[in-house]
Amino acid sequence: MAHQRAGQHRDGQLDVQLPDYARELLERSTLIIVSNRGPVEFHQTNDGEIATKRGTGGVITAMSAAARFADAIWVACAMTPTDRVIAEEMRQRREALLTIPDLPGFRLRFVVPDTEAYRGYYNRIANPLLWFLQHYLWDTPRAPDIDHETWQAWHEGYVAVNRLFAEEVVAAAAAAPRDPIVLLQDYHLYLAPTFIRELRPDLLLHHFVHIPWPDQDYWRLLPLPMRRAICEGLLANDIVGFQTPRHARSFLNTVDANLPEAEVDYRRREVTYRGHTTRVRVYPISIDPELVRAVAESEDARRHREHLEAFRNEYTIIRVDRAEPSKNVVRGFLAYDRLLEKHPELIGRVNFLAFLVPTRMEVAEYINYLDEINAVVGRINAKYANAAEIEGIHWEPVHLFVGDDYPRALAAMKFYDVLLVNAIFDGMNLVAKEGALLNERNGVLILSEGAGAYQQLGQWALTVSPTDIEGTAEALWQGLIMPAAERAWRAEQLRRHVVEHDLRRWLVDQLHDIADLRAERAPHRLIAPS
Ligand code: GDG
């Protein structure tokens with residue numbers, strides 16, 4: 001399938017939606033989006049057909065939407081056996097890029113690490129080591145233990161796979177029909193920029209870190225060579241983006257502490273290291289309202305909505321998360337339990353629906369966490385089943401929906417009275433924004449101070465400290481009893497903010513800085529943004 005012309009939006013809206021400098025930049029450029037996981041996975045069906053399945057998580061949600069605006073190539077790991085077969089066929093046919101039937105407008109190039117290297121890179125270093133570190137999740141007297149196996153996973157996994165990514169990015173750049181702009185995503189790829197620079201010093205490299213950047217002291221849980229390599233990798237980029245000013249500031253501090261040769265300019269948010277200057281910028285990520293609404297209005301979502309009606313009650317609380325320790329799911333249920341203890345008048349009148357996507361099931365911490373969730377839900381349901389029976393009603397206070405079903409999650413967001421987002425730490429949290437956009441009942445958002453979204457939405461949410469079970473129980477209560485006028489006002493402000501600060505704006509802000517940089521480097525080629 002032929003890909004679309006650069007700059008042409010699928011539904012023809014690009015021209016009205018992007019400012020001139022961004023449109024001009026996109027018309028001349030091919031975005032090379034680089035992330036661990038691609039936008040789709042390929043599977044072989046029972047009758048031998050090849051089917052595609054959308055990848056899960058916030059990075060995919062965001063970048064799939066961003067790719068709508070541009071000519072794009074996606075570089076990602078082959079995840080499934082069918083992905084690997086396709087990658088091998090491409091290699092044999094010397095085909096540089098794969099078109100994706102479900103996603104016109106951008107193409108794919110696979111990175112194919114061997115299984116052992118991938119395991120070290122993903123299951124030992126990226127998750128849990130880096131993810132846990134960046135979300136302050138370690139129980140530090142006991143973990144992490146950086147032993148010889150961790151070091152082996154670092155060298156033969158993380159370093160090796162980052163090098164492979166660099167090679168594929170360089171190949172994708174060679175196949176790009178226009179000037180390549182490399183957009184690296186997240187913590188799996190901290191070292192890739194170093195290796196890309198070795199091969200193609202001229203490429204424009206932009207790296208967005210979707211997750212928090214913790215305090216420089218906490219980074220000391222990683223040995224110096226690892227944290228130096230990570231800082232050096234990020235400084236091989238031209239621009240490094242973070243979700244919040246606090247994360248950007250922490251990054252500058254971390255560089256200052258670990259690379260004494262680096263010149264850190266805090267005022268301009270720039271670092272010069274070995275003659276190369278990197279700009280450190282803040283781009284709070286968001287959602288594409290048009291796309292989110294389209295999925296929420298789809299036939300699939302409507303069907304779910306009808307089915308979910310049976311699970312609603314006089315009051316309905318929901319949460320939507322990957323089943324992930326940083327999302328603080330267990331404490332959310334403990335707070336709900338406490339709410340029911342303090343307000344027995346709610347018995348039989350409130351339901352908590354939790355939509356959880358199993359994630360990283362190869363990592364022990366995640367399997368254990370899902371077990372903990374099941375255990376606490378079982379305990380709460382058993383406890384209140386008795387209380388309800390005394391009053392002669394059959395009632396299950398928690399309904400757990402475990403599985404990968406994005407339309408179902410969006411369908412549920414329409415009818416909550418309270419949405420609980422109590423993550424311990426979160427780069428942003430797109431669920432808070434999707435809920436604010438889609439909800440039709442002036443539902444109240446309960447938002448953790450630890451989520452990046454707190455900086456933007458906190459003023460209209462009920463905010464909680466994520467470890468405060470008593471405080472979260474109180475917020476749930478306040479959310480349920482809030483007067484209608486106040487609910488309406490808060491919901492309206494949240495919706496307005498999300499619509500005005502959408503994904504297009506996130507992308508445009510980055511393009512603005514990229515155009516600026518391009519114009520400085522080659523003033524004859526682009527008009528600088530005003
Ligand atoms: C990382 C950062 C940052 C929900 N159920 C299903 C499903 N979802 C969608 C949600 C939402 C996305 O997945 C999750 O995004 P979050 O932002 O809430 O969280 P992370 O996955 O941890 O994302 C985060 C984000 O990157 C973007 O920068 O905001 O802080 O941790 O859109 O509605 N998706 C699928 N199946 C489901 O059942 N496929």
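As a basis for the values below, the full set of heavy atoms in this structure was taken, side chains included, without hydrogen atoms, waters or symmetry mates. Just follow the structure's listing: the first ligand is 1, and inside any ligand the first atom is 1. Throughout, residue positions are numbered sequentially from 1 according to the sequence presented.
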Looking at ligand 1, does any of its N/O atoms fall within less than 3.5 Å of an N/O of [X]?
X	result
Met428	yes
Ile285	no
Val357	no

Is the shortest side-chain N to carboxylate O distance from [X] to [Y] below 4.0 Å?
X	Y	result
Glu324	Arg360	yes
Arg505	Asp502	no
Arg305	Glu297	no

**Message:** Checking Arg107 against Asp71 for the salt bridge (charged side-chain N to carboxylate O under 4.0 Å, His left out) test, could you report, in this order, the C-alpha distance in whole Å, the side-chain angles of both residues, the deciding distance, and whether it holds?
**Reply:** CA-CA 9 Å; Arg107 293 139 293 154; Asp71 176 57; 2.6 Å; yes

**Message:** For Phe352 together with Phe333, are the ring centres under 6.0 Å from each other?
**Reply:**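 Yes.
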
**Prompt:** Is the distance between the ring centroids of Trp131 and Tyr366 under 6.0 Å?
**Reply:**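 No, ring centres 6.0 Å or more apart.
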
**Message:** Just to be sure I'm reading this right: ignoring hydrogens, which of Leu438, Asp404, Val431 gets closest to atom 39 (N) of ligand 1? Compare them by their nearest heavy atoms.
**Reply:**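 Going through Leu438, Asp404, Val431 one by one, Asp404 has the nearest heavy atom to atom 39 (N) of ligand 1.
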
**Message:** Can you check which of Val209, Asp426, Val292, Asp405 brings a heavy atom nearest to atom 38 (O) of ligand 1?
**Reply:**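 Comparing heavy atoms across Val209, Asp426, Val292, Asp405, the nearest one to atom 38 (O) of ligand 1 lies in Asp405.
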
Min heavy-atom dist [X] to ligand 1 below 4.0 Å:
X	result
Tyr283	no
Ala423	no
Lys327	yes

Contacting atoms of ligand 1, where contact means under 4.0 angstrom from a heavy atom of [X]:
X	value
Gly427	30 (O)
Gln243	3 (C), 28 (O)
Glu434	10 (C), 11 (C), 32 (O), 33 (O)
Val320	4 (C), 5 (N)
Gly403	38 (O)
Arg322	20 (P), 21 (O), 22 (O)

**Message:** Between Thr80 and Asp83, does the side chain to side chain donor-acceptor pair (under 3.5 Å) criterion hold? Intermediate values first, please.
**Reply:** CA-CA 5 Å; Thr80 65; Asp83 288 354; 3.1 Å; yes

**Message:** Taking atom CZ as the centre, does Arg246 end up with more than 12 heavy-atom neighbours from other residues, nucleotides or ligands that are less than 6.0 angstrom away?
**Reply:**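 Not more than 12 within 6.0 Å, no.
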
Using heavy atoms and a threshold below 4.0 Å, how should the contact between [X] and ligand 1 be classified: side chain, backbone, both, or neither?
X	value
Asp321	neither
Trp131	side chain
Glu324	neither

**Item:** Over all atoms of both residues, closest heavy-atom pair of Ala229 and Leu191
**Value:**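 Looking at all heavy atoms of both residues, the closest pair is O-CD2, 3.4 Å.
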
**Message:** Using the rule given for side chain to side chain donor-acceptor pair (under 3.5 Å), can you reason through Asp513 versus Tyr283, listing the C-alpha separation, both sets of side-chain angles and the distance that settles it, and then say yes or no?
**Reply:** CA-CA 11 Å; Asp513 290 345; Tyr283 311 107; 2.6 Å; yes

**Asked** Do any N or O atoms from the side chain of Ser250 and from the backbone of His247 form a donor-acceptor pair under 3.5 angstrom?
**Response**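 It does not hold such a pair.
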
